[in-house]
Amino acid sequence: MSHENCLFCKIASGEIPSTKVHEDEEFLAFYDIRPAAQTHVLVIPRRHIATLSDCVESDAPLLGRMMVLAARLAEKLGCSYTGGETGFRTVINTGPGGGQEVYHLHAHLLAGPRPWLRMG
Ligand code: AMP
Ligand code: ZN
């Protein structure tokens with residue numbers, strides 16, 4: 001069920017190419033085309049949800065799995081929190097007020113040495 005003219009639906013379907021980090025039945029993760037940090041990955045559900053504000057109670061399991069996937073991908077990419085100064089940032093921008101540019105729900109996964117170019 002892909003939304004016409006949605007960039008990330010087109011990435012999820014393979015119509016527009018991306019550099020994938022992970023894919024499964026429910027989610028896709030790929031490198032941000034304009035990275036703000038050394039590691040900058042986007043995690044998206046395949047199902048089109050425009051924003052976090054559109055999420056309802058029944059989306060809670062999906063949102064939970066999306067965050068757990070982000071944590072697993074941080075491990076895979078070598079930026080997990082393992083003590084000391086390690087770790088990463090997860091960001092979900094919502095609406096123009098939150099700086100959202102692409103209206104298909106996504107979590108940014110950011111890590112690496114400062115400075116970062118912009119907030120993810
Ligand atoms: P947001 O501002 O939270 O909506 O973030 C959208 C992100 O998508 C930005 O960081 C963009 O750099 C990124 N982006 C836009 N087009 C593409 C693309 N074709 N492939 C990968 N990332 C993209
Ligand atoms: Zn979409």
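Ligands are counted one by one from 1 in listed order, and the atoms in each one are counted from 1 as well. If you read the sequence from its start, that first residue is 1, and numbering goes on from there. Given the structure is predicted, the values throughout are model-derived calculations rather than measurements.
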Under 4.0 angstrom from ligand 1, any heavy atom of [X]?
{"X": "Ser18", "answer": "no"}
{"X": "Ile16", "answer": "no"}
{"X": "Phe8", "answer": "yes"}
{"X": "Thr19", "answer": "no"}
{"X": "His104", "answer": "no"}

Region of [X] that comes within reach of ligand 1 [heavy atoms, distance under 4.0 Å]:
{"X": "Lys10", "answer": "neither"}
{"X": "Val91", "answer": "neither"}
{"X": "Phe30", "answer": "side chain"}
{"X": "Leu42", "answer": "side chain"}

Could you go step by step and tell me if Asp59 and Arg47 meet the salt bridge (Lys or Arg N to Asp or Glu O under 4.0 Å) rule?
CA-CA 11 Å; Asp59 295 317; Arg47 175 160 71 88; 2.7 Å; yes

Which atom, among the N/O/S set of His48, is closest to the Zn ion (ligand 2)?
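Considering only N, O and S atoms, His48 comes nearest to the Zn ion (ligand 2) through ND1.
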
Considering only N, O or S atoms, which atom of His104 is nearest to the Zn ion (ligand 2)?
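It is ND1 of His104.
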
Numbered atoms of ligand 1 (with element) below 4.0 Å of [X], judged on heavy atoms:
{"X": "Gln100", "result": "2 (O), 4 (O)"}
{"X": "Val102", "result": "4 (O), 6 (C)"}
{"X": "Asn93", "result": "1 (P), 2 (O), 3 (O)"}
{"X": "Arg34", "result": "12 (O)"}
{"X": "Tyr31", "result": "21 (C)"}

Using side chain to side chain contact (heavy atoms under 4.5 Å, CB included), reason through His40 and Tyr31 one step at a time and then give a plain yes or no.
CA-CA 6 Å; His40 189 171; Tyr31 283 103; over 6 Å; no

Decide whether an N or O pair under 3.5 Å exists between [X] and ligand 1.
{"X": "Ile33", "answer": "yes"}
{"X": "His40", "answer": "no"}
{"X": "Ile11", "answer": "no"}

Side chain to side chain, Thr51 and Tyr103, heavy atoms closer than 4.5 Å
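Yes, their side chains come closer than 4.5 Å.
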
Do the side chains of Leu73 and Val21 get nearer than 4.5 Å, heavy atoms only?
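Val21 vs Leu73: side chains touch.
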
For a side chain to side chain contact (heavy atoms under 4.5 Å, CB included) check, start with the C-alpha distance between Met66 and Ile92, then their side-chain angles and the critical distance, and finish with the verdict.
CA-CA 11 Å; Met66 190 163 97; Ile92 298 177; 4.1 Å; yes

Regarding Glu23 and Arg46, does a basic nitrogen lie under 4.0 Å from an acidic carboxylate oxygen?
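Answer for the salt bridge query: yes.
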
Give, for atom CZ of Phe8 and atom OG of Ser18, the distance between the pair rounded to the nearest 0.5 Å.
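So the gap between those two atoms works out to 9.5 Å.
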
Step by step, would you call Leu105 with Leu63 a side chain to side chain contact (heavy atoms under 4.5 Å, CB included)?
CA-CA 10 Å; Leu105 181 70; Leu63 290 168; 3.7 Å; yes

Could you check whether Arg118 makes a cation-pi contact with Trp116, meaning its NZ or CZ is under 6.0 Å from the centre of the six-membered ring and within 45° of the ring axis?
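No cation-pi geometry.
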
In sequence, state the C-alpha distance, the side-chain angles, and the governing distance for Ile11 and Phe30, and then conclude on side chain to side chain contact (heavy atoms under 4.5 Å, CB included).
CA-CA 9 Å; Ile11 286 180; Phe30 53 95; 3.8 Å; yes

Please report whether the ring centroid of His106 lies less than 6.0 Å from that of His108.
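Yes, the ring of His108 comes within the 6.0 Å limit of the ring of His106, centre to centre.
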
Short side-chain donor-acceptor distance under 3.5 Å, Asp24 and His22:
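Distance-only check passes for His22 and Asp24.
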
Return yes when at least one N/O/S atom of Cys9 is nearer than 2.8 Å to the Zn ion (ligand 2), and no when none is.
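It does; at least one qualifying atom falls short of 2.8 Å.
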
